[in-house]
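Have a look at the structure below before the remarks.
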Amino acid sequence: MSDCHDPQDACRHRNLERIGRAVALPDRADADRQARWLQAPLPNPSAGTRKESSFMRTHKRFALATTGIAAALVLGFWLAVGHATPVTAATIFDGFRAALAQSLSMRIADVDFGNVQVSGEIVLDRAGPGPQDDTQYAEVHVLMKADNPEWNDLDAVLVITQTPTDAWQYCRGNGGSCGGVPGELLSNLFGAPPPAPSHRVTFTEYLIRGRAWNDFAQQPLDQFGVMPADLGFSQGDSAVSYTFRLEQRMVVEQLLRFLLQLSDTATADQVIAGLKQAASDVRVERTGPTTYALRTARFARIGELEFVAPVVPDVSALVRQTLHEFHYDPQTGDVPWTRTIPPAEIGATGVGIIADHVNWPTQPDALIAYLEQRAAHVEVNRTNPRQWVFRVTGFPFPTSAAGPEWLGRFVQSLRDSLTLAIDYDSAAHTVRRAEFRGIGPAGRITLDIGQVELDPARLKSDYWTTPATMISDSK
Amino acid sequence: MSATNDPATAVQRTFEACGQAFCRYFAVRTGRDVHLVDDLMQQLWLRAHLNARDLREDNAEPWLWRIAQNLLREHRRRKSRTPLDGAVAEPEFARAIAQRFDTEELPAELLARKEVRDQLLLALTELSAADQELLAGFYFEGRCQADLAALLSMSVRAVEGRLYRARLALRDKLAHLQS
């Protein structure tokens with residue numbers, strides 16, 4: 001170091017060392033970013049370099065001949081440059097942000113999870129002079145497919161409407177907990193069966209009058225209650241089950257919440273910033289004289305969008321807290337029923353305990369010996385001569401992480417496949433349409449901005465209600 | 001025209017070699033908005049690419065810096081109604097820091113002030129790409145002189161000499177920072 005020759009430089013060096021420790025430089029751009037810099041959309045051929053150069057040479061050759069020709073050429077040059085001015089992704093995102101404050105409709109289509117199809121529409125009509133004059137409408141369908149073609153599919157529907165003069169919510173599909181409940185009891189819970197000979201099942205439905213939009217924005221599927229984890233019906237020899245798994249419901253809720261935040265002027269900036277940060281591939285393509293398409297893909301940092309948190313947690317400690325009961329009939333040697341009671345915390349993890357996959361010994365003495373070898377605690381209650389109860393804790397039950405794993409695969413597919421396209425008109429600095437694709441195999445969300453088309457009949461509650469609808473006022 | 005003399009090739013090579021420095025220049029002045037920086041970098045490339053045949057200098061870097069400065073000026077003009085997100089030069093203040101830079105160890109409380117950090121980053125990112133890379137590598141990223149020598153294919157002695165000149169250049173930039 002030159003400090004022994006130049007005391008001022010030695011001082012400079014020490015100060016720079018201190019600055020280096022105290023000040024963070026902007027991050028270096030990685031190779032992907034550097035590659036994107038070279039992918040700027042070139043202007044269209046009519047305004048390209050070749051023609052511009054021709055203009056310039058012509059200008060040089062004849063500029064002194066007449067001022068009129070020179071002026072015309074200068075004008076031509078400026079027009080050419082005007083066409084060549086690139087529209088940037090930031091400009092289009094700015095336009096998108098501004099457009100989201102207008103009236104818009106957001107249509108969800110073809111989101112297919114195999115056992116469940118999700119579709120719907122959120123319409124925000126902001127044509128009035130103030131927020132109190134807005135019309136807000138949301139319609140969400142969760143079509144639960146029957147696993148037996150003899151039975152009908154179930155279309156669970158949620159509709160939330162809030163206009164300056166009316167507000168109500170309609171739900172078809174709210175039900176109680178269904179797991180393991182026999183078909184006849186389920187029929188009573190859901191109101192519709194006993195199943196008709198055609199094997200038809202219908203949901204119960206209700207309508208509540210009152211404003212519910214804010215609740216919908218916070219917990220979009222809350223009105224479905226605990227519906228529907230796993231429904232089963234049977235009639236004669238025919239049985240059917242419908243499923244809408246917890247992790248699927250989480251994804252649908254996140255998707256709706258994401259759209260509601262995107263269209264809310266208070267949160268749109270944050271959501272758009274998240275999208276910009278998450279996308280690894282952003283390109284602007286020229287689609288017409290004044291129109292451009294922003295194409296955003298490879299959302300490598302999609303976790304930052306908080307769609308879902310697909311982490312398989314370690315639940316071994318919770319599994320050991322699980323209580324399993326055998327109810328044993330010593331007279332017949334049968335086990336008429338068992339029940340498994342896991343701690344409540346395990347439900348939130350998405351991990352399931354699989355008790356029925358264990359090959360329990362059938363003889364009581366063998367069962368007790370088997371349990372005592374493996375479980376932390378075994379209690380045998382023989383006070384009832386017709387039914388002995390074995391209570392077991394600390395047994396290493398097998399678990400299923402199918403839910404978190406499904407979430408992990410879904411998020412990975414979003415990272416790989418999700419795209420956002422925004423159509424932009426540079427002449428009017430407007431965005432009229434944007435579309436997300438790649439939500440599942442064919443799922444898409446289309447945003448039409450500026451004009452909303454909504455059948456006025458759908459805004460009236462009697463469009464939805466039937467004689468079976470329970471109608472009440474909100475508290 | 002041979003490939004080595006082709007202005008378009010020279011512009012592309014210089015753009016790629018100096019990309020991190022231009023990126024840093026924009027980032028410091030736009031509040032580190034990665035997306036905006038990428039847009040400005042795309043515009044810089046586009047404008048340089050379209051006008052490469054107008055390059056009359058042997059070294060494309062100063063020419064690219066002028067385009068970068070113009071782009072930033074245009075961006076700020078478009079955003080004139082909104083407060084600037086990035087660092088803002090305060091020439092008098094920067095000059096005062098520069099005077100102390102050579103004569104005393106800047107106290108930690110001074111370095112903790114945002115306006116001081118801003119002036120230092122503004123000055124640093126106005127340096128040539130080569131000087132920026134040396135100072136960034138040595139002082140901010142903790143690389144040793146031997147690493148830098150290997151990276152830049154030069155001797156350790158040469159790195160030491162260039163670091164000396166880069167420190168001088170930084171001090172001069174700080175003293176003559178323009179608003």
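In the text below, chain A, chain B and the rest are named by the order of the sequence lines, each starting its count at 1. This is a predicted model, so every value here is computed, not measured.
- One finds no salt bridge joining Arg13(B) and Glu61(B) here, because no Lys/Arg side-chain nitrogen approaches an Asp/Glu carboxylate oxygen to under 4.0 Å.
- Note on Arg28(A), Glu17(A), Gln8(A), Arg21(A): by heavy-atom pairs under 4.5 Å with chain B, the leading option is Arg28(A).
- Within residues 108-116 of chain B, the residues that have a heavy atom under 4.5 Å from a heavy atom of chain A are Ala108(B), Leu111(B), listed by number.
- At a 4.5 Å heavy-atom cutoff, the contact between Leu120(B) and chain A is made by side-chain atoms alone.
- A side-chain hydrogen bond (donor to acceptor under 3.5 Å, both in side chains) check over residues 263-275 of chain A, counting only residues at least two apart or in different chains, returns the pairs Arg97(A)-Asp269(A).
- Comparing Arg117(B), Arg24(B), Glu105(B) by how many heavy-atom pairs each has under 4.5 Å with chain A, the most go to Glu105(B).
- Interface residue Leu135(B): only side-chain heavy atoms are found under 4.5 Å from chain A.
- Only the side chain of Gln34(A) comes within contact range of chain B, judged by heavy atoms closer than 4.5 Å.
- When the side-chain contact (heavy atoms from CB on, under 4.5 Å) test is applied to Ala96(B), no partner is found at least two apart in sequence or on another chain.
- Sorted by first and then second residue, the ring pair (Phe, Tyr, Trp, His ring centres under 6.0 Å) pairs involving residues 51-73 of chain B (not counting sequence neighbours) are Phe22(B)-Trp65(B), Tyr25(B)-Trp65(B).
- Among the candidates Ala273(A), Ala29(A), Ala24(A), the residue making the largest number of heavy-atom pairs closer than 4.5 Å to chain B is Ala29(A).
- Closest approach of Thr91(A) to His429(A), counting heavy atoms only: O-CE1, 3.7 Å.
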Evaluate the salt bridge (charged side-chain N to carboxylate O under 4.0 Å, His left out) criterion for residues Arg437(A) and Glu435(A): first the C-alpha distance (whole Å), next the side-chain angles of each, then the deciding distance (0.1 Å), finally the verdict.
CA-CA 6 Å; Arg437(A) 282 182 177 268; Glu435(A) 187 166 70; 2.8 Å; yes

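- If you measure heavy-atom distances from Leu44(B) to chain A, you find no contacts under 4.5 Å at all.
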Steps toward side-chain contact (heavy atoms from CB on, under 4.5 Å) verdict (Tyr139(B), Ile19(A)):
CA-CA 8 Å; Tyr139(B) 290 107; Ile19(A) 291 164; over 6 Å; no

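- Interface residue Glu104(B): only backbone heavy atoms are found under 4.5 Å from chain A.
- Aromatic ring pairs are classed by plane angle as parallel below 30°, tilted from 30° to 60° and perpendicular above 60°; the pair Phe15(B) and Trp45(B) is tilted.
- When all heavy atoms are compared, the tightest approach of Pro7(B) to Ala52(B) is CB-O, 3.3 Å.
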Checking Arg298(A) against Asp32(A) for the salt bridge (charged side-chain N to carboxylate O under 4.0 Å, His left out) test, could you report, in this order, the C-alpha distance in whole Å, the side-chain angles of both residues, the deciding distance, and whether it holds?
CA-CA 11 Å; Arg298(A) 290 175 58 215; Asp32(A) 277 354; 3.3 Å; yes

